[in-house]
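Since the model is a prediction, treat every value here as computed from it, not as a measurement.
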Amino acid sequence: QVQLVESGGGSVQAGGSLRLSCVASLYTYSNYMGWFRQAPGKEREGVAAISTGTGGTYYSDSVKGRFTISQDNAENTLYLQMDSLKPADTAMYYCASYARSYVRWTLSPLTYSDYKYWGQGTQVTVSS
């Protein structure tokens, strides 16, 4: 079973930056790793995802050009660099692992319901 621990959340002003980290046990067991977020009263949404094998990345339109997902396979760590933060980015951020014998997406690598293992989340708050 994959265990995930996020860190790096906090409070920043609009325009600022934060870097989230997620340490995962059995990192290479995952086909894909993703970052998701959920604001109060809203559905969880995909932010960014990465193939652990090829390094291919996927971003939601709302963060494209501002957020960067990356990984350090040797350190079993997933990152999310968040720049030009906006108040609309305020949410609990979760990392998740897609680990299956074959890859089949409901819609895309940003579909949260396809991911099996989840971290506990880290809060990001952006003030105007």
Side-chain angles (χ1 to χ4, degrees):
Q1 183 166 342
V2 179
Q3 296 181 326
L4 308 169
V5 179
E6 304 99 331
S7 62
S11 297
V12 296
Q13 290 191 326
S17 298
L18 282 173
R19 188 193 197 199
L20 305 184
S21 299
C22 172
V23 178
S25 64
L26 303 174
Y27 190 90
T28 54
Y29 180 72
S30 303
N31 310 92
Y32 283 77
M33 295 289 293
W35 286 101
F36 298 81
R37 67 187 181 187
Q38 188 166 19
K42 294 189 176 182
E43 189 175 4
R44 190 168 297 191
E45 63 170 342
V47 174
I50 187 167
S51 166
T52 60
T54 67
T57 58
Y58 306 82
Y59 295 94
S60 68
D61 289 341
S62 61
V63 306
K64 198 172 295 182
R66 300 188 297 122
F67 290 11
T68 303
I69 188 171
S70 62
Q71 61 187 355
D72 184 335
N73 289 23
E75 296 296 327
N76 295 334
T77 304
L78 178 73
Y79 300 101
L80 185 68
Q81 178 66 41
M82 305 186 295
D83 298 318
S84 302
L85 282 161
K86 304 175 181 179
D89 295 318
T90 295
M92 184 72 78
Y93 283 71
Y94 300 89
C95 73
S97 161
Y98 183 100
R100 300 188 182 186
S101 57
Y102 59 90
V103 177
R104 181 181 294 176
W105 302 109
T106 301
L107 286 175
S108 79
L110 299 179
T111 305
Y112 74 87
S113 57
D114 288 338
Y115 285 74
K116 184 175 182 180
Y117 302 105
W118 292 84
Q120 82 289 350
T122 185
Q123 178 68 38
V124 171
T125 303
V126 184
S127 58
S128 58

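- Sequence neighbours left out, not one pair with a member in residues 49-80 passes disulfide (SG to SG under 2.5 Å).
- In terms of the ring-ring contact (aromatic ring centres under 6.0 Å, His included) criterion, residue partners of Tyr32 (sequence neighbours excluded) are, by chain and number, Trp105.
- Not counting sequence neighbours, Tyr94 has no partner by the ring-ring contact (aromatic ring centres under 6.0 Å, His included) test.
- Gln81 is linked by a side chain to side chain contact (heavy atoms under 4.5 Å, CB included) to Ser17, Arg19, Thr68, Asp83, counting only residues two or more places apart in sequence or in another chain.
- Applying the disulfide (SG to SG under 2.5 Å) definition to pairs two or more places apart or across chains, none involves residues 37-81.
- By the side chain to side chain contact (heavy atoms under 4.5 Å, CB included) test, Thr57 is found to be paired with Ile50, Tyr59, Ile69, residues two or more places apart in sequence or in another chain being considered.
- Here salt bridge (Lys or Arg N to Asp or Glu O under 4.0 Å) pairs that include residues 95-123, with residues two or more places apart or in two chains, number zero.
- Within the structure, disulfide (SG to SG under 2.5 Å) pairs that include any residue of residues 81-128 comprise Cys22-Cys95 (at least two apart or interchain).
- Judged as a salt bridge (Lys or Arg N to Asp or Glu O under 4.0 Å), the pairs with a partner in residues 48-62 (not counting sequence neighbours) are, in order, Asp61-Lys64.
- Counting heavy atoms of neighbouring residues, nucleotides and ligands inside a 6.0 Å radius, atom CD of Gln123 exceeds 12 of them.
- Legend: side chain to side chain donor-acceptor pair (under 3.5 Å) pairs involving residues 44-55, not counting sequence neighbours, sorted by first then second residue: Arg37-Glu45, Gln38-Arg44, Ser51-Thr54.
- Residues passing the side chain to side chain contact (heavy atoms under 4.5 Å, CB included) test with Ser60, sequence neighbours excluded: Ser62, Val63, Leu110.
- Atom CD of Gln120 sits in a crowded spot, with more than 12 heavy atoms from other residues, nucleotides or ligands closer than 6.0 Å.
- In terms of the side chain to side chain donor-acceptor pair (under 3.5 Å) criterion, residue partners of Tyr112 (sequence neighbours excluded) are, by chain and number, Glu43.
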